[in-house]
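Structure first, then comments.
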Amino acid sequence: MVSQKVGAWIAKLGWVWVDGQVAQISRRPGASTVFLTLRDPSADLSLTVTTNRDVLDAGAPELREGARVVLHAKPEFYAARGTLSLRADEIRQVGLGELLARLEKLKKLLAAEGLFDRARKRRLPFLPGRIGLITGRASAAERDVLTNARRRWPAVEFRTINVAVQGPSAVPQIIDALKVLDADPSIDVIIIARGGGGIEDLLPFSDEALCRAVFGCRTPVVSAIGHETDAPLIDYVADVRASTPTDAAKRVVPDLTEEVRLIGQARHRLERAVRNLVDRETHRLDGLRSRPVLARPQVMVEHRATELSALRQRAGRCLEHRLAAAEDDLRHTLARLRALSPAATLDRGYAIVQRADGQVVRAAAQVGKGDPLRVRLADGELAATVDG
């Protein structure tokens, strides 16, 4: 019941124009019907197309697998098998001019979305531990990459995945290989390589789905498709574009011989710089050692000892002079003190008269008749009494 309703609904659909890539052509001898398998490269979908041999010979007599076509067809649903197919009454093979115009339109779209932005492109590692290679089986591109990379760096390791590099199955196989290599933590860089060919042969490498898959890779991707003049859209999305597979090998791994030569040059420059530094410091030390203070260190000690002896002598003379001056001052002070001393006055014949209370008598009125007195002389003292 469901199949019948689906078939009835599809039968109501009108004629449509369909664009796709021919994955398979089946021409049965003597039969007027031709079967095509039409594939959508971006969506990885395919449909069976039936048409009359005359229609195919009139619209695309040289049609081959992998070609792009536009056909006018009506959808049909086969209820017994539950399959959808197309019945075409007109088939046109897409010409080169139209194909280039579509590629240019897709190029502008991807550029506007930022897939070609240089700021997001990553630098390749100097020496990748392991390289992922996506290329055709036993192809010249595979041989060129492996041979040249190992010639430059013999220890380099590869993980190679062989895929179809043209035709309707190329894009999904390349995308699957990209996912496998990008998920491998040992892979440091991925190379997608293919030899030269026509625009139709290189068409899978301008597929929108493949370009977006390359853009989404976490691992740096190198595009090595065709020759220098070939420029599929994957070249603009990849982190590095190599002109040929051989050029890709040169860009991914360094040249061992060249690196050994550069290391030798660096070591020579380093040795020369160290030697010059040692020579310069040696000359500097020789210059310092040639100075008198270092050539005869005792000179400095002797000079300081002479200065110290002179200072000690000067200090001694200064101290003696000050002591002599102080002694003279003390002598003069003592002489003046002795001259002014009462004892000196007593030595000249004078005496000091004191009352019994010890008060010095300076006037006769200070004492009365009969008062005891004390008379101090230069040598001893006398007791006296006032009698009148």
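Model, not experiment: these values are computed from the prediction.
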Residues A177 and I161: closest non-hydrogen pair is CB-CG2, 3.7 Å
Looking at V253, is its backbone amide N or carbonyl O close enough to the side chain of R152 to form a donor-acceptor pair, meaning the two atoms are under 3.5 Å apart? yes
- request: State whether the side chain of T51 and the backbone N or O of A88 hold a donor-acceptor pair below 3.5 Å, judged by distance alone.
  value: yes
Does the side chain of N148 come within less than 4.5 Å of D144's, by heavy atoms?
yes
Between I131 and the options T160, V222, V156, the side chain to side chain contact (heavy atoms under 4.5 Å, CB included) test singles out V156
Run the salt-bridge test on D247 and R251 with the 4.0 Å N-O cut-off and return the result as yes or no. yes
**Item:** Student check: side-chain heavy atoms of R68 and D19 closer than 4.5 Å
**Value:** yes
With a 4.5 Å limit on heavy-atom distance, are the side chains of W15 and E90 in contact?
no
Salt-bridge contact E320-R317 (side-chain N to carboxylate O under 4.0 Å): no
### Task
Answer yes or no: is there an ion pair linking D328 with R331, defined by an N-O contact shorter than 4.0 Å?
yes
**Report entry** Side chains of N52 and S32 in contact at under 4.5 Å (non-hydrogen atoms)
**Finding:** yes
The side chain to side chain contact (heavy atoms under 4.5 Å, CB included) partner of R241 among D235, I234, I225 is D235
Taking the side chain as everything from C-beta on, heavy atoms only, tell me whether L127 gets closer than 4.5 Å to P254. yes
(Q) Can you confirm whether F116 sits close enough to V237 that some side-chain heavy atom of one is under 4.5 Å from a side-chain heavy atom of the other? (A) yes
